[in-house]
Amino acid sequence: MDRHEFLTALHRVVRPRTYLEIGVNDGTSLALSRVPTVAIDPAFKVTKEISTDVHLVRATSDEFFARREPLARLPRPTVDLSFIDGMHLSEYALRDFMNIERYTEPGSVIMLDDMLPRNVEEAARNRQTRFWTGDVYKLLEALRRYRPDLISLEVNTRGSGTGLVLLPDASSTVLSEHYDDLVAEMVTPDPQDVPAEVLGRTRAVDPEQIIDSPVWLELARLRRRRRPAPREEFEQVYAGAGWALAHSV
């Protein structure tokens, strides 16, 4: 399963009411959405047919989220499913995550691209190869250390791998409070010291296992409630699937 097949499956099982994408390129991933969508890219060249109501923004993600009400075009001010595939540098991926998390609920799902570089050259901050992940893989490790309240999964999709972050907390200020420290830790000169477990994908979860989980039916049930379900109930759903500790493996 590659990243687009995984994202297609997530759209099916998550059943999002809203979708947000950072990094549009030619629109291949954007074309998968069937719900109200916001898509951001400073240089998109969409060549795919889009089959949903989309607010397509030609701007950097930092510029977009600096707006007073960036999600005003969506029918609700939160995002159920997001895909981050923007600038391939760790500090940019960190800011993208921070910005998106402000508009989530506990049941929201955030997918990240290029989390499993296949070699050190591919992970360079200064691009050296045709296929380039940059050092965005560092984001998941930073989340594991600074945000153990999240479930941060590496996913063994074909190519450069993906990541999944569950149980976001829109009220959290931990990352913003430690932003300078995080950037100082993540931004290092090439060559990058890519952990063996990243290169070897020893912590990566099979994407089929994620998609086939009963978690998604339970999340849909919680979303159908008239009153928002408390965060603790979402935690229990993920714990029942054995995912609650996966971020610390």
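Salt-bridge check for Glu233 with Arg225: passed, with a basic side-chain N closer than 4.0 Å to an acidic carboxylate O. Ionic pairing of Arg125 and Asp190 is not present here: no N-O contact between side-chain nitrogen and carboxylate oxygen is shorter than 4.0 angstrom. Ion pairing between Arg76 and Asp80 holds under the 4.0 Å rule for side-chain N and carboxylate O. A salt bridge between Arg223 and Glu218 is absent, with no side-chain N of the basic residue lying under 4.0 Å from a carboxylate O of the acidic one. Using a cut-off of 4.0 Å between Lys/Arg side-chain N and Asp/Glu carboxylate O, Glu91 and Lys138 are scored as not salt-bridged. Classification of Glu141 and Arg203 as a salt-bridged pair holds, one side-chain N sitting under 4.0 Å from a carboxylate O. Here Glu63 does not pair with Arg58 in a salt bridge; the nearest charged N to carboxylate O distance is not below 4.0 Å.
To the nearest 0.5 Å, the span separating CD1 on Ile110 from CG on Leu81 amounts to 9.5 Å.
Tyr92 carries Arg95 over the face of its six-membered ring, with the cationic atom under 6.0 Å from the centre and within 45° of the normal.
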Salt bridge (charged side-chain N to carboxylate O under 4.0 Å, His left out) evaluation trace for Arg147 with Glu101: CA-CA 12 Å; Arg147 293 289 307 281; Glu101 189 180 25; 2.8 Å; yes

List the steps and the verdict of side-chain contact (heavy atoms from CB on, under 4.5 Å) for Asp169 and Arg231. CA-CA 9 Å; Asp169 182 354; Arg231 181 181 179 84; 3.7 Å; yes

Working note: Leu139 + Leu112, criterion side-chain contact (heavy atoms from CB on, under 4.5 Å); need CA distance, chi angles, decisive distance, verdict. CA-CA 9 Å; Leu139 175 60; Leu112 309 133; 3.6 Å; yes

The test is side chain to side chain donor-acceptor pair (under 3.5 Å); show your working for Glu185 and Tyr146 and say whether it passes. CA-CA 12 Å; Glu185 293 173 9; Tyr146 283 83; 2.8 Å; yes

Step by step, would you call Leu167 with Tyr238 a side-chain contact (heavy atoms from CB on, under 4.5 Å)? CA-CA 9 Å; Leu167 275 176; Tyr238 288 125; 3.7 Å; yes

Show your reasoning for whether side-chain contact (heavy atoms from CB on, under 4.5 Å) applies to Tyr179 and Met98. CA-CA 10 Å; Tyr179 176 78; Met98 291 166 56; 3.9 Å; yes

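The shortest side-chain heavy-atom distance between Val54 and Val38 does not fall under the 4.5 Å cut-off.
Under the 4.5 Å side-chain heavy-atom criterion for ILVMFWY residues, a single connected hydrophobic cluster contains both Val14 and Met1. Residues Leu30 and Leu10 do not share a hydrophobic cluster, clusters being chains of Ile/Leu/Val/Met/Phe/Trp/Tyr side chains in contact below 4.5 Å. In the hydrophobic cluster analysis, where Ile, Leu, Val, Met, Phe, Trp and Tyr join through side-chain heavy atoms closer than 4.5 angstrom, Leu32 is grouped apart from Leu56. Cluster annotation: Val24 and Ile84 are assigned to distinct hydrophobic clusters (Ile/Leu/Val/Met/Phe/Trp/Tyr, side-chain heavy-atom contacts under 4.5 Å, transitive).
Nearest approach of Leu71 to Pro77, heavy atoms of both residues: CD1-O, 3.9 Å. Contact between Thr157 and Arg201 at its shortest, heavy atoms only, is O-NH1, 3.0 Å. Nearest heavy atom pair, residue Leu199 against residue Pro117, reads CD2-O, 3.5 Å. The two residues Ala142 and Leu182 have their closest heavy-atom pair at CB-CD2, 3.6 Å. Taking each heavy atom of Ser29 and Leu7 in turn, the nearest pair found is CB-CD2, 3.7 Å.
Between Arg3 and the choices Asp114, Asp113, Thr162, the side chain to side chain donor-acceptor pair (under 3.5 Å) rule is met once, by Asp113.
Counting heavy atoms of neighbouring residues, nucleotides and ligands inside a 6.0 Å radius, atom CZ of Arg73 does not exceed 12 of them. Glu232 CD: more than 12 foreign heavy atoms inside a 6.0 Å radius. In this structure, Arg118 places its CZ atom where more than 12 heavy-atom neighbours from other residues, nucleotides or ligands lie under 6.0 Å away.
For Ser108 (side chain) and Glu105 (main-chain N/O), a donor-acceptor pair under 3.5 Å exists by modelled atom type. For Thr28 (side chain) and Asp26 (main-chain N/O), no donor-acceptor pair under 3.5 Å exists by modelled atom type.
For the residue pair Gln192/Thr188, the side-chain donor-acceptor check at 3.5 Å is satisfied.
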